[in-house]
Each structure stands twice: as C-alpha cells, then as structure tokens.
Amino acid sequence: MAELSDGFLGEPVEVLNIGDSVRARRIIDGTDAGRHLVLNALDQMGFLDIIR
C-alpha cells in the first residue's frame, strides 16, 4: 500500500484501501465493504451531489 501511495505523490489521486485488500474474507463481504467505501469517498468529494 505504501509503495502504491508513494507512486501517486504529487498527483491529484486518492488511493483507497478497500474490499479484500484490507483483509481476506468472503468475496461478497469484500465487495460490499468496497462498495460502501467507494460511495462514501465519492460522497465526501461531492460527486454524488449531481445525482441527488
């Protein structure tokens, strides 16, 4: 994760650790967790305001 984050230093990119990259588990649980984290990140960035 650190190497990936370092690779984007100075870029307008946010690197998120989501789903099963956090820890191994059932695929449905990792997918669900990833979905929620991505939606929360998009909401915090204001990208979901357009569709509300």
Side-chain angles (χ1 to χ4, degrees):
M1 183 67 184
E3 279 185 50
L4 184 60
S5 294
D6 290 346
F8 286 98
L9 282 178
E11 300 290 330
V13 173
E14 183 174 356
V15 178
L16 301 173
N17 192 9
I18 62 169
D20 279 2
S21 68
V22 176
R23 65 180 165 83
R25 56 188 146 177
R26 295 182 324 158
I27 193 165
I28 191 70
D29 295 332
T31 303
D32 188 53
R35 177 184 180 277
H36 288 293
L37 285 171
V38 168
L39 287 175
N40 285 339
L42 291 173
D43 190 31
Q44 289 176 1
M45 294 177 199
F47 292 117
L48 299 183
D49 293 340
I50 330 172
I51 59 174
R52 289 187 187 153

Novice: Counting C-beta onward and ignoring hydrogens, is there a side-chain heavy-atom pair between R35 and T31 closer than 4.5 Å?
Specialist: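 SC-SC contact between R35 and T31 ruled out.
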Novice: Do you know which two heavy atoms are closest between R25 and G30, and how far apart they sit?
Specialist: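 Heavy atoms only, the tightest pair is NE-CA, 3.8 Å.
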Novice: Using a side-chain heavy atom cutoff under 4.5 Å and only I, L, V, M, F, W and Y, what cluster partners does F8 have?
Specialist: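 Traced through the cluster, F8 reaches M1, L4, V13, V15.
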Novice: Check side-chain contact (heavy atoms from CB on, under 4.5 Å) between Q44 and all other residues, then give those that pass, not counting sequence neighbours.
Specialist: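 So Q44 forms no side-chain contact (heavy atoms from CB on, under 4.5 Å) with any residue.
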Novice: Using a side-chain heavy atom cutoff under 4.5 Å and only I, L, V, M, F, W and Y, what cluster partners does L9 have?
Specialist: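 ILVMFWY cluster around L9 holds nothing else.
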Novice: Do H36 and N40 get their side chains close enough for a donor-acceptor pair, meaning under 3.5 Å?
Specialist: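 No - no donor-acceptor pair under 3.5 Å links their side chains.
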Novice: When rounded to the nearest 0.5 angstrom, what is the spacing between CD1 in I27 and CG in D32?
Specialist: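 If I round to the nearest 0.5 Å, the distance is 12.5 Å.
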Novice: When rounded to the nearest 0.5 angstrom, what is the spacing between CE in M45 and CG in L48?
Specialist: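 So the gap between those two atoms works out to 10.0 Å.
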